Amino acid sequence: MKSGDGEKLKSTDYRPAPFSVEQVKADFPILDQKVNRHQLVYLDNAASTQKPRSVINALLEYYRHSNSNIHRGMHTLAERATQAYEGTRSHVAQFVGGVLDEEVIFTSGTTEAINLVAATWGEVNISEGDEIVITEMEHHANLVPWVMLAKSKSAVLKRIPITICGHLDLSNIDEIITKKTKLVAVSHMSNVLGTINPVKEIVARAHAVGAVALVDGAQAAPHMAINVRDLGADFYTFSAHKMLGPTGVGVLIGRKEMLEEMPPYKMGGEMIREVRFDRVTWNDLPHKFEAGTPNIADVVAFDAALTYLDEIGMDKVRLHEMQLTDYAMKKLTELPSIEIQGPQEPDQRGGAISFTDRDVHPHDIATFLDSKGIAVRAGHHCAQPLMRVLGKVATARASLYIYNDESDVDRLVEALVEMRRYFGV
Amino acid sequence: MKSGDGEKLKSTDYRPAPFSVEQVKADFPILDQKVNRHQLVYLDNAASTQKPRSVINALLEYYRHSNSNIHRGMHTLAERATQAYEGTRSHVAQFVGGVLDEEVIFTSGTTEAINLVAATWGEVNISEGDEIVITEMEHHANLVPWVMLAKSKSAVLKRIPITICGHLDLSNIDEIITKKTKLVAVSHMSNVLGTINPVKEIVARAHAVGAVALVDGAQAAPHMAINVRDLGADFYTFSAHKMLGPTGVGVLIGRKEMLEEMPPYKMGGEMIREVRFDRVTWNDLPHKFEAGTPNIADVVAFDAALTYLDEIGMDKVRLHEMQLTDYAMKKLTELPSIEIQGPQEPDQRGGAISFTDRDVHPHDIATFLDSKGIAVRAGHHCAQPLMRVLGKVATARASLYIYNDESDVDRLVEALVEMRRYFGV
Amino acid sequence: MNDQLDDMYREIILDHYRSPRGKQPVDKADISSEGMNPACGDEIDMQVEIDEESVKKISVNCRGCAISVASGSMLAEMVKGKSLEEVARLAEVVRKMLKGEGDEIPEEFGDLDALKGVRNFPVRVKCALLSWITLLDGLTRYKKGEGLRSSAISTEDK
Amino acid sequence: MNDQLDDMYREIILDHYRSPRGKQPVDKADISSEGMNPACGDEIDMQVEIDEESVKKISVNCRGCAISVASGSMLAEMVKGKSLEEVARLAEVVRKMLKGEGDEIPEEFGDLDALKGVRNFPVRVKCALLSWITLLDGLTRYKKGEGLRSSAISTEDK
Ligand SMILES: Cc1ncc(COP(=O)(O)O)c(C=O)c1O
Ligand SMILES: Cc1ncc(COP(=O)(O)O)c(C=O)c1O
């Protein structure tokens, strides 16, 4: 599972999936239902994925046998809960290509992970005139914290533009990331365009000018093998709920030296070493950043999600999605009224496919598809500035995952054809 | 379910529980297990409570039928998830005695709820020389944020002391809460002493000098009927996991006018109205304070926990715990080596009973009790300053809930007797 | 559900969507109001020319879905010539109807009845509401003597 | 589990707990070290008097549970008279043994063997470790010429 292996694979025709999608589908109880009298086709995976039976059962198991507060316990349940919770931490550390356990901080989601960095590292390290570099394709989670930090510190927010093909335009990168740059915050994969960004290159440029690099992996970690060390990212973030795990859990991976220097984020129990009324000393990593009772059950169950992905293999996940994306893009391109956003090359993009119809508004697309049991999302996908750059009010987005197959794509395409008949356009 | 009704009841003898504890016990699958070859007696409820089958099933149901990201969805699952999520919000609004739905903010826990207030309201409203008043019995969650805020703003942190009986000493309250006071932050019930504080009186005093009052209800909301409006609290906080709900969910109740004036806390999706690269406007309440994908599943399942408590009735919960606490305190007092902290009067305290043995260290107590299948906690209970006031390094703490009964208390007391034999003291 | 779908996208709605009324600019904007539906990105611009406390002309420009465009188009058609008082009452009735609070739409309201089907699609209610709350917001400001646009009103506002 | 319990609270541990050794103050503290176990609130104070690179006297004051007190008491008994090098090696062996990393405790270490049972109680391992890491911290600082207490070392430190 080396990082980026998937990227080297080229897929031109649809080939058999590298694993049995049928078997995978059978592991997700929610997919076995009818919505509006049609078998559910779930294509809203970039928003949140479904959970395999093993994850649901892990929750059950936890609440039936081990539930307890952690760390400070002196009894058997507390010990079980603590070991399970810390076990997930080690698993995450491996999953991202091998980091230290204490470099894995659990948060409530990607949004909190990025806010944590802005509120701690950012508060201390960004000053007047400093530059923060983002891209035009950022999700609000990796945008609004920096807009606000720049504002409060009188720092300058710069952005890497996108090309008309939906790639980052790195031609002027040396003028954008300069000696004044203190932070480069870039998404690994766009939730709107699907673009896989050359983050290794961008991180290298950031480091060359002495800047820190944060990579928002919310859309990448679920879909391809990740190696945070190899990417060089100082911070890497993602959300469990977008990768088969429960809602309410996110991860911040940080470099130990940096995490140690940063002030804490939330204050409370477990993150302190000693508290007096006038003086507080902080606990060690990772506890310093995990104040209060964490989301124990969901962190514990997240382990089962990682195991599920391990068992398929992230390179196979990537290969399957690349093939299926290719298939979907070809099929959609056959519909003349449909316009797809983002890169065309399946090896340069993931399976989040944003599209518009010349005549039907994205909301109407989504509502119509829902009436056929097909779940897609429509709107600005928490990327308003990108939508403005694209000149769109909204797009519809179908996003693929391991339990989707050709037949799901066929259902989507057929429904889009029917939709135009329905609206008489 | 009027607030404070429970407080008026006096309990001197153990009377039959106001509901069938046996039936309640049967609703909690985790209790039906042996720990170290003994039937589990779970007395660590102040740390986290167990979950009834209905809550576990709500999680199952959610992940099997409705799981989806919320708010922005245009499909059936998203609609189901949104309605369930917002349904819990309305339920919480009723549960706390009736507030507006948008006055209910979901957080990851009490700790985050208090940090939110410190980072937003506190940032804007506390300045040099202002005074923040807390008490000597605060949990770190309602202490460290204020210690740090006071430090960063050069404000003064003052504290209401406790009497030797474990009550707040309000004799000098007018000298402590003065015209300089901007905030009074006090726990409704102590997690160490069990003390139920006269928060209504304290809030009134705070308001009389123009200060804002935050009440940490983490230990009160699970155990007695709450009426936030009646208490007068401007902010009220609690955690789902301490009241039969899942881990990872907390609640901040705030006054609408104040929440509207406060800057947002975390930045990201859903909390914004419009984002440009240089300018952001915030969404309305409650979304302004709920950035990113929330802990949807656990919020949805929290509803089942509230329903469970509603069905018993919070006044009956309180009555049962008062009676059982009375019974436990009497039984423990019969052991000459045991010293109990906090008020003796069952109508002035909850069921968190901290105690020490003259000869056996709290850690050894907890470990020994665990060997008998009895789960209690030992340590400083995230209240180091209080422990210093009490002159204790640590205490053992047995804390009761709706599924505990006399037989659990008897098992505890017998084990403590055996413990002394074991350690030969 | 397709019945529900047909109930929302009635022929009349699709017609308003395809050729929205009220696109012509007004001569003099006494009310200028902007609205948005942050949940979906719908945006609307509205100008009202007032003569003797009645709507002389109205211009509605909506970038949005079939529902929001059709709703805005119907609004333009309905309110023209009506007194401000009547318009406010009408907008309030529609708002309540869409939110499922209030009475049904009276017969005389014609095309507007077609909006009823939207109630089966909670997430689309805001699309239908958008033009109406934008109008209400404009009217309210006009009464206070601040008829010209301040900031955009949002469907998320109460 | 009671077998496990007995394995942790061996007679010898209970004995050290009831009458801890090494309570007498040293004449001159060459090393002064403080340790804490934030998870439980155990606190330890340690002074070492050194003569010709050997422990001449050691004073250990531990406020904590049976395990931490007994462990500190055994430490005081074991290290007295040993060369600093031997002491460091011993402390390292104990640390590893408790963390389940390293070898067993060699025969000659006597009473210390009793600490093995603690490994079945992960949460108590820190109690047993406390005195040893406090000693190691003091030794490390002594070597660097900073033998006197700086800040307290914690069982949570790596
Ligand atoms: C009184 C009190 N306040 C705050 C907290 C913190 O709650 P949480 O850990 O759920 O954030 C607790 C729980 O330990 C508590 O007992
Ligand atoms: C690229 C990207 N970043 C960040 C986020 C925010 O993740 P969450 O809502 O789980 O905090 C998302 C998810 O919508 C995303 O797609």
Side-chain angles (χ1 to χ4, degrees), chain A residues 29-30 35-36 44 47-48 50-51 56 59-60 63-65 67-69 72-77 108-109 111-112 115 140-141 143-145 147-148 157 159 239 241 246-248 266-269 272 275-277 280 291-293 295-298 363 366-367 370 375 377-379 382 384-385, chain B residues 29-30 35-36 44 47-48 50-51 56 59-60 63-65 67-69 72-77 108-109 111-112 115 140-141 143-145 147-148 157 159 241 246-248 266-269 272 274-277 280 291-293 295-298 363 366-367 370 375 377-379 382 384-385:
Chain A
I30 199 172
V35 162
N36 296 323
D44 192 17
S48 200
Q50 300 305 339
K51 322 304 171 199
I56 303 175
L59 278 174
L60 265 182
Y63 281 127
R64 282 194 184 152
H65 294 113
N67 177 62
S68 165
N69 215 322
R72 293 175 187 287
M74 296 261 169
H75 55 77
T76 302
L77 297 187
S108 63
T111 302
E112 179 168 284
N115 275 270
H140 292 163
L143 176 62
V144 188
V147 172
M148 297 311 292
L157 192 71
R159 51 188 188 268
S239 297
H241 72 93
T247 57
K266 288 187 281 194
M267 315 288 164
I272 53 84
V275 179
R276 294 171 186 273
F277 286 112
V280 182
T293 306
N295 189 351
I296 308 168
D298 292 326
H363 302 177
T367 302
D370 185 50
R377 193 147 289 239
C382 294
Q384 288 182 359
Chain B
I30 199 170
V35 162
N36 296 324
D44 193 16
S48 200
Q50 299 305 340
K51 321 305 169 200
I56 303 175
L59 278 174
L60 264 182
Y63 282 127
R64 282 193 185 154
H65 295 114
N67 177 60
S68 165
N69 216 320
R72 293 175 186 286
M74 296 263 168
H75 54 78
T76 303
L77 296 189
S108 64
T111 301
E112 179 168 285
N115 275 269
H140 292 165
L143 176 62
V144 187
V147 172
M148 297 311 292
L157 192 71
R159 51 189 190 268
H241 72 94
T247 57
K266 288 188 279 193
M267 314 290 163
I272 53 84
E274 206 186 355
V275 180
R276 294 173 186 270
F277 287 113
V280 183
T293 306
N295 189 352
I296 308 168
D298 292 326
H363 301 176
T367 301
D370 184 51
R377 193 147 290 240
C382 293
Q384 287 182 1

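Residue numbers start from 1 in every chain, and the chains themselves are labelled A, B, ... in the order their sequence lines are given, proteins ahead of strands. Fair warning: this is a prediction, and the values are worked out from it, not measured in the lab.
- Most heavy-atom pairs under 4.5 Å with chain B: of the set A/P145, A/A141, A/S239, this distinction falls to A/P145.
- Heavy atoms of A/R159 lying under 4.5 Å from chain B belong exclusively to its side chain.
- B/I296 touches chain A through backbone and side chain together, each having a heavy atom under 4.5 Å away.
- Counting heavy-atom pairs under 4.5 Å between each of B/D298, B/T111, B/I30 and chain A puts B/I30 at the top.
- Chosen from B/P29, B/A375, B/G109, the residue pairing most often with chain A at heavy-atom distances under 4.5 Å is B/A375.
- Looking only at distances, a side-chain donor or acceptor of B/Q50 sits under 3.5 Å from a matching main-chain atom of A/N67.
- Of all heavy-atom pairs spanning A/G269 and B/C382, the tightest one is CA-SG, 3.8 Å.
- With hydrogens and angles ignored, the 3.5 Å screen pairs no side-chain donor or acceptor of A/S108 with any backbone N or O of B/S108.
- In this structure, CD1 in A/I56 is found 9.5 Å from CG in B/L59, a value given to the nearest 0.5 Å.
- For the set B/L157, B/L60, B/L143, B/V280, the entry with the most heavy-atom pairs within less than 4.5 Å of chain A is B/L60.
- At a 4.5 Å heavy-atom cutoff, the contact between B/V275 and chain A is made by backbone and side-chain atoms alike.
- B/Y63 places a side-chain heavy atom less than 4.5 Å from the side chain of A/P246.
- Using a 4.5 Å heavy-atom cutoff, the side chains of A/N295 and B/H241 are not in contact.
- At distances below 3.5 Å, at least one donor-acceptor pair connects side-chain atoms of A/T247 with backbone N or O atoms of B/A297.
- Your options are B/M267, B/H65, B/M148, B/K51, and the one with the most heavy-atom pairs under 4.5 Å with chain A is B/M267.
- Here the side chains of A/Q384 and B/I272 are in contact, with some heavy-atom distance below 4.5 Å.
- Heavy atoms closer than 4.5 Å to chain A are found in the side chain of B/N115, but not in its backbone.
- Your options are B/G248, B/P385, B/S48, and the one with the most heavy-atom pairs under 4.5 Å with chain A is B/P385.
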Under the criterion side chain to side chain contact (heavy atoms under 4.5 Å, CB included), I'd like the reasoning laid out for A/H363 against B/M74: C-alpha separation, chi angles, the key distance, then a yes or no. CA-CA 7 Å; A/H363 302 177; B/M74 296 263 168; 3.7 Å; yes
For this session: Would you please test B/E112 and A/E112 for side chain to side chain contact (heavy atoms under 4.5 Å, CB included) and show each step?
Result: CA-CA 11 Å; B/E112 179 168 285; A/E112 179 168 284; 2.9 Å; yes
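- Atom NE2 of residue A/H75 and atom CZ of residue B/R377 lie 4.5 Å apart, to the nearest 0.5 angstrom.
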